[in-house]
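Worksheet for the structure shown next.
Convention: sequence-line order gives letters A, B, ...; per-chain numbering from 1.
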Protein chains: 2
Amino acid sequence: MQPMVTRTQQPRSDTRTRILDVAERLVQSRGFNGFSYADIAAELGVSTASLHYHFAGKAELGRALIVRYAERFNSALADIDARLPDARARLEAYVSIYTDLMHKGRFCLCGMLAAEYETLPPPMRDAVVEFFDRNEAWLISVLELGAEQRTMHLTGSAENVARMVVSGLEGAMLVTRPYGDPARFKAAAAQLLLSLLGAVPIDSEAQRD
Amino acid sequence: MQPMVTRTQQPRSDTRTRILDVAERLVQSRGFNGFSYADIAAELGVSTASLHYHFAGKAELGRALIVRYAERFNSALADIDARLPDARARLEAYVSIYTDLMHKGRFCLCGMLAAEYETLPPPMRDAVVEFFDRNEAWLISVLELGAEQRTMHLTGSAENVARMVVSGLEGAMLVTRPYGDPARFKAAAAQLLLSLLGAVPIDSEAQRD
DNA sequence: GTCTATAACGAGATAGAC
DNA sequence: GTCTATCTCGTTATAGAC
């Protein structure tokens, strides 16, 4: 109910946003069933009742988490498309999204939720599937572009390779967790791209730097 | 403290075994943080106090689950080695272990626990790492054999390819869950082997049947 | 070995004051 | 918006009878 402002949206780093930030990190590291409202409240120095004001229940909070995460992810993909014309560069940028997560000791939010899928409140389930569908669709477009540009040598249909990219990255993150070593993930990601796409062509070395 | 018996071990399907069976299925489908002693007790028609007689606490039960699972897994691997001399056949048999799980609507026990790793009681953690180490070691031996037999064309070091096999399969299981479609997993597994190992050589078609 | 009873705690959630 | 207080329920665990 504030007077009209020219600002587009989002009232900056308000409580709601800080709740989402903490909750996101907790889901990524401990899973949706591995944290409680009390954990968030303690970290923010507020009461759990206050959390219920912003999010009616844990299910609503969970759904909001996925929606925001997917929005950011999609923005990142759009940004990649805008910045990088080369399909291989796009794919490498995609992989680095995951690499960055690993370095923060986190896990893909939706990868974690996929593991817990059976126990998720219904409102959260659809949002998880949507996330993976979107990832797959984007990857297919990149792979098809790469095949067209002749910088990628797909070892199967774009759809199958796309799914394998997602599976390989999510799986590498999963298996890397117990070892706590991001280098392990990076090696796995490199092996994945090498296997699925073939070696980079000699004449495409013409890159910046 | 029973009198000596000539039976090797294991007193058949006793209560302890039935507890493990139910708990295993629950962890695979709902995660270690997604079920309680009450769930097991209800399904077996016993009290939770009875469960505590067999397993002091949830942590001990969890550890016993992994140990038994790993034993079975290792037995299956030894069985594969004994039955199949061909490296590629061994790898296909390995993949079918995972495929069978998917068809039962389950997940790799240790894959699930890897996701929940941060919240696992310490006694369980080492056992999870051990499981993955063993998988990797077995796969390396198979891949090296395949390279020797010239039926596999590795796209990287045996170690990297082995890790990618584990990651790819675990990840494919993970991403398949929300879709509830085992066919999706099978396609992913086929794509993975094709990419990592290259097409099967013409002259190795000489197989039984 | 299994039970009933209960303790002790933590979870999600709500009412109502401020 | 945030608080305190409280409720209800589920979870792990234990004591002690049978």
State whether A:R68 and A:D21 are salt-bridged, where the test is any N-O pair (Lys NZ or Arg NE/NH1/NH2 against Asp/Glu carboxylate O) under 4.0 Å.
->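 Yes, A:R68 and A:D21 are salt-bridged.
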
Go through DNA chain C in 5' to 3' direction and return only the first and the last nucleotide with some atom under 4.0 Å of chain B's heavy atoms.
->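 Listing 5' to 3', DNA chain C meets chain B from C:dG1 to C:dT4.
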
Inter- and intrachain pairs under salt bridge (Lys or Arg N to Asp or Glu O under 4.0 Å), touching [range], at least two apart:
{"range": "residues 35-57 of chain A", "result": "A:R25-A:E43"}
{"range": "residues 154-177 of chain A", "result": "A:E136-A:R163, A:E159-A:R163"}
{"range": "residues 114-130 of chain B", "result": "none"}

Where protein sits on nucleotides 6-12 of chain D, one letter per nucleotide: B base, S sugar-phosphate only, - none, heavy atoms under 4.0 Å | -----SS

Evaluate the ring planes of B:Y69 and B:F131, with Trp represented by its six-membered ring, and classify them as parallel (under 30°), tilted (30 to 60°) or perpendicular (over 60°).
->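 Tilted, since the angle between the ring planes falls between 30° and 60°.
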
Over its full length, what angle do the end axes of the helix from C:dG1-D:dC18 to C:dC18-D:dG1 make, each axis taken from five pairs and the result rounded to 10 degrees?
->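 Nearest ten degrees gives 0° for this helix.
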
Would you jot down, in residue-number order, the residues of residues 112-123 of chain B having a non-hydrogen atom under 4.0 Å from DNA chain D?
->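 Contacting residues: none.
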
Quick one: list whatever passes side-chain contact (heavy atoms from CB on, under 4.5 Å) with A:M173, sequence neighbours left out.
->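 For A:M173, the residues satisfying side-chain contact (heavy atoms from CB on, under 4.5 Å) (neighbours in sequence not counted) are A:Y98, A:L101, A:M102, A:F107, A:C108, A:F185.
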
Using the side chain to side chain donor-acceptor pair (under 3.5 Å) criterion, which residues pair with [X]? Sequence neighbours excluded.
{"X": "B:D79", "value": "B:R83"}
{"X": "B:R106", "value": "B:Q28"}
{"X": "A:S195", "value": "A:Q191, B:T155"}

Any chance the side chains of A:N74 and A:W138 put a donor and an acceptor closer than 3.5 Å?
->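 No, no side-chain donor-acceptor pair sits under 3.5 Å.
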
Do any side-chain atoms of residues 51-61 of chain A form donor-acceptor pairs under 3.5 angstrom with protein atoms, and if so which ones, sequence neighbours left out?
{"from": "A:H52", "atom 1": "ND1", "to": "A:A56", "atom 2": "O", "distance (Å)": "3.0"}
{"from": "A:K58", "atom 1": "NZ", "to": "A:F32", "atom 2": "O", "distance (Å)": "2.7"}
{"from": "A:K58", "atom 1": "NZ", "to": "A:F35", "atom 2": "O", "distance (Å)": "2.9"}
{"from": "A:E60", "atom 1": "OE1", "to": "A:G57", "atom 2": "N", "distance (Å)": "3.0"}

Distance, nearest 0.5 Å, that separates CG of A:L44 from OG of A:S50 =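 Interatomic distance, A:L44 CG to A:S50 OG, rounded to 0.5 Å: 8.5 Å.
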
